[in-house]
Amino acid sequence: SDSSIIEKMREAGMNVLLEGREQTVNYVSSPFRYSLTLSDSSIIGKRRVAQMLGATAFQKLQEEEEEVTPTAILETLNSCLSEL
């Protein structure tokens, strides 16, 4: 498991920085735990939508045989956005 790997690294004298969702990192005990919080939690969802939009647009642009221009990128992003 991830927690046993982290423990082995700590025992070997390594400093381990673990980042992730609270539900995930709760499996690793540490007296040095801290949490970063956002004043606007909707940012997480907005970031995820932006990632999905970018990945979809990138894939579509890779399939095109035409030169990728700023206009083509914008049109592809708008097309992908309308499909959400």
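Partners of Arg10 under the salt bridge (Lys or Arg N to Asp or Glu O under 4.0 Å) rule, at least two apart in sequence or in another chain, are Glu7. For Lys60, the salt bridge (Lys or Arg N to Asp or Glu O under 4.0 Å) partners two or more places apart in sequence, or in a different chain, are Glu83.
The environment of CD in Glu22 is sparse: at most 12 heavy-atom neighbours from other residues, nucleotides or ligands sit within 6.0 Å. The environment of CD in Glu19 is sparse: at most 12 heavy-atom neighbours from other residues, nucleotides or ligands sit within 6.0 Å. The neighbour count for Gln51 CD, taken as heavy atoms of other residues, nucleotides or ligands under 6.0 Å away, is above 12. Residue Asn15 places its CG atom among 12 or fewer non-hydrogen atoms of other residues, nucleotides or ligands, all under 6.0 Å distant.
In the hydrophobic cluster analysis, where Ile, Leu, Val, Met, Phe, Trp and Tyr join through side-chain heavy atoms closer than 4.5 angstrom, Val49 is grouped apart from Ile44. There is no path of hydrophobic side-chain contacts, each under 4.5 Å, that joins Phe58 to Met52. Leu74 and Val68 fall into different hydrophobic clusters, where Ile, Leu, Val, Met, Phe, Trp and Tyr residues are linked whenever their side-chain heavy atoms come under 4.5 Å apart, directly or through other members.
In this structure, CG on Asn78 lies 12.0 Å from CD1 on Ile73, to the nearest 0.5 angstrom. Atom OG1 in Thr76 sits 12.5 Å away from atom CG in Leu81 (nearest 0.5 Å). Rounded to the nearest 0.5 Å, atoms CG (Leu18) and CZ (Arg33) are 8.0 Å apart. Between the CG atom of Leu61 and the CG atom of Leu77 there is a distance of 7.5 Å, given to the nearest 0.5 Å.
Not a single donor-acceptor pair under 3.5 Å links the side chain of Thr56 to the backbone N or O of Leu53. Using modelled atom types, no side-chain atom of Ser79 and backbone atom of Glu75 make a donor-acceptor pair closer than 3.5 Å.
Applying the salt bridge (charged side-chain N to carboxylate O under 4.0 Å, His left out) definition to pairs two or more places apart or across chains, none involves residues 34-52.
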